[in-house]
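All remarks here apply to the structure that follows.
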Amino acid sequence: MDQAEKRERLAELAPERVEELDADEEEDEHPLPDLPNAEEGGVRMRVAPNPNSPWHIGHARMAAVVGTYKERYDGEFVCRFDDTDPDTKRPDLDAYDAILKAIDYLGFEPDEVVRASDRVDIYYDHARELIDEMGAYTCSCPAEEFSDLKNAGEACPHREKAAGTVHEEFSAMVDGEYGAGEMVLRVRTDIEHKNPALRDWVAFRVVDTPHPREEAAAYRCWPMLDFQSGVDDHLMGVTHIIRGIDLQDSAKRQGFVYDYFGWEYPEVVHWGHVEVDEYDVPLSSSTIVERVAAGELDGWDDPRAPTVASLRRRGIRGEALVAAMVELGTSTSNVDLAMSSVYAHNRELIDDDTDRAFLVRDDPDHGGGAVERQVVGGPDAGEPPVHPDHEDRGTRSIPVDSGVLVESADLPERGQRVWLKGYGCVRHTRDALEYTGDDIEVVRDGNVPVVHWVPAEANVPVRMRTMDGDVWGYGEPGVAEYDRDEMLQFERVGFVRIDDPGEEVVAYFAHK
RNA sequence: GCUCCGAUAGUGUAGUCCGGCCAAUCAUAUUGCCCUCUCGAGGCAAUGACCAGGGUUCAAAUCCCUGUCGGAGCACCA
């Protein structure tokens, strides 16, 4: 049955439904779905990074989406460093700032910044309260033994200890009287719960390694994420939590603690993992850390690294990354971020304001290498516009002294013509480029290709850093005039950010 | 093994809750044409998807069942 027929039938069967359909108005368009039970002004969220490394691109999703929701609901967000594992996921002292910088780069400002490692005593207080409620017990079972019991749905002998004993043993954990692995504090949930992941999970354990932050270096008894983050979310008034599907069971686990305390659990949204195309380096903190340490990457902002710092250095605006992240939505499926989407957003943001310039690459894989030719006849200089869509910004003056450089792929066959952009038409004779005029009709009707060029002598050496490695070339003289952080479009090559304006200009390639 | 969750074009997404303006939205991508002194921008067009099979119904992307595929948890990691 086709559409018209369906509609006809519907009109016969239920005319009121047709009216309803017709009356359906369009809702406000938001790139992100509405948060459940969210009210304007009543939304408080948190970004809870582990500062064990700076951020890769995937981490930016959290801040991008939380920040966007904050703006949408006129709400707030807290940046809480969940740095409660001084050993396995040991914090990197530089990462705290790097992460805050990344959030700032994305265009957001946390309403509050806290470190879990400053709040350990608060967690202890809640642990003691939980023990009073008979909601937790100390357990000295070796991990494997407990795991076996748990999988069989059987309680261990420590489960029925008196609260007094549990208090004593927990205090001993806090006082550092146990070594790592000797004693833990478990939350009493339901040892026969059908989901084994929820049965009597560990809330506190002993870590022998001191925390790298001086302020927290004395603690040996550390909360696990589910306890710490569960308590903090409540204490900080978090109304909505966004987190990965790897933490799918956290809400259910923490639910037991919330029940003991009579708290109400925040709304939760789970999303899948992000992957990014176009990179050889995987989106994994540990891999990036390794490659940086091994010298395979020049640092976290190496253009080949899939990191926030790298995108920033390439001149990608945080806004472009946020837009692309927000478009991914909050689906529980894993998603692939197409870098082309980030580039498309960035191009739209910067194209209008970015000056044009020529870069002749001297690279066998890109343009075939620079070749020099004398120019015979013609004016002394070319005058291409600073921006083709904005005549009022004037022109660049590029001298043609002893000759020019072009990329060999652009050099026409002998006898053929080529249009040097902003200069005029030349014919390739035996060993030179002979000026044939400035009538643009040859380009419009004569199939003469338009190419970029630079003077053979008065040019500026440029090292362009790209995702595929460095490309050397020669820029037009004006390239030397740009300051660090300014953007430039090398015509027919792509957009770059000037990173170092020195003798040899270093530019980071952003995208075409 | 136990427990959760998911599946719409190359990619992402809208629609799914409350079946019917859905032979399916928008963006990106790719290709072609127009325009342009850039391979950028702009304009136009084309390409391309409801995981499979059953069921319910006048009507199924939408509801139900089965299957397939994929993901996650069952850590003294976060």
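The figures here come from the full heavy-atom set of this structure, side chains too, leaving out hydrogens, waters and symmetry mates.
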For R253(A) and A197(A), indicate whether the former's side chain and the latter's backbone hold a donor-acceptor pair under 3.5 Å. yes
Below 4.5 Å, heavy atoms only, C-beta onward: do E267(A) and L35(A) meet side chain to side chain? no
Taking the nucleotide of RNA chain B with the nearest heavy atom to each, does S333(A) or W419(A) sit closer to the 5' end? S333(A)
Could you check whether G422(A) gets within reach of a base, just the sugar-phosphate, or nothing at all, counting any heavy atom under 4.0 Å? base
Whether the S53(A) and D92(A) side chains hold a donor-acceptor pair (N or O, under 3.5 Å, no angle test) is what I'd like checked. no
hbond_proxy E327(A) side chain to U28(B) base (donor-acceptor, 3.5 Å cutoff): no
Distance-only donor-acceptor test (3.5 Å): side chain K421(A), base C37(B): no
Check: U38(B) base within 3.5 Å donor-acceptor of R356(A) side chain: yes
C1' spacing across the pair C74(B) / C65(B), given as an integer number of angstrom: 29 Å
Ring of F490(A), cation from R361(A) - is the NZ or CZ under 6.0 Å from the centre and inside 45° of the axis? no
Expressed in whole Å, how much space separates the C1' atoms belonging to U36(B) and A52(B)? 50 Å
Scan P388(A) against the nucleic acid and name what it touches under 4.0 Å (heavy atoms): base, sugar-phosphate only, or nothing. base
E192(A), CD: over 12 other non-hydrogen atoms inside 6.0 angstrom: no
Classify M183(A) by what it touches in the nucleic acid, base, sugar-phosphate, or nothing, heavy-atom distance under 4.0 Å. nothing
Check every atom of G40(B), C74(B), C76(B) against the side chain of R186(A) and return the nucleotide holding the closest atom. C76(B)
Bracket string, RNA chain B, 5' to 3' - pairs by Watson-Crick or G-U geometry under 3.5 Å, | interstrand: (((((((..(((.......[.....)))((((((.......))))))...(((((..]....))))))))))))....
Using a heavy-atom cut-off of under 4.0 Å over every strand shown, decide if C221(A) touches base, sugar-phosphate, or nothing. nothing
Would you call R243(A) and R46(A) a side-chain contact if the rule is heavy atoms closer than 4.5 Å? yes
Between G71(B), U11(B), A72(B), which nucleotide has the shortest distance from any of its atoms to the side chain of N334(A)? G71(B)
P gap between U57(B) and C50(B), integer Å: 26 Å
Closest nucleotide of RNA chain B for L247(A) versus for K252(A): which of these residues is on the 5' side? K252(A)
Using atom P of each nucleotide, how far apart are A14(B) and A46(B) to the nearest Å? 25 Å
Is L328(A) touching bases, backbone alone, or none of the nucleic acid, heavy atoms closer than 4.0 Å? sugar-phosphate
In whole Å, measure the gap between the P atoms of C4(B) and G12(B) for me. 27 Å
Atom C1', compared across A41(B) and C37(B): separation rounded to whole Å: 14 Å
Quick check on A78(B): is either OP1 or OP2 less than 4.0 Å from any side-chain nitrogen or oxygen of R205(A)? yes
Over all strands shown, is R90(A) touching base, sugar-phosphate only, or nothing at heavy-atom distances under 4.0 angstrom? nothing
Once you apply a heavy-atom cut-off of 4.0 Å, does T354(A) come out as touching a base, just sugar-phosphate, or nothing? nothing
When you measure from the centre of the six-membered ring of F81(A), is the NZ or CZ of R213(A) under 6.0 Å away and within 45° of the axis? no
Does atom CD of E348(A) have more than 12 heavy-atom neighbours, drawn from other residues, nucleotides or ligands, at distances under 6.0 Å? no
Candidates C4(B), A29(B), A75(B) - which lies nearest the side chain of K150(A): A75(B)
So, do Q228(A) and R80(A) sit near enough that their side-chain heavy atoms are less than 4.5 Å apart? yes
Nucleotide nearest Q248(A) when distance is taken to its side chain, options A78(B), C76(B), C4(B): C4(B)
Taking the C1' atom of each, how far is A75(B) from G70(B), in whole Å? 24 Å
C74(B), U38(B), U36(B): which one has an atom nearest the side-chain heavy atoms of R444(A)? U36(B)
Write down the distance separating the C1' atoms in C44(B) and A60(B), rounded off to the nearest Å. 36 Å
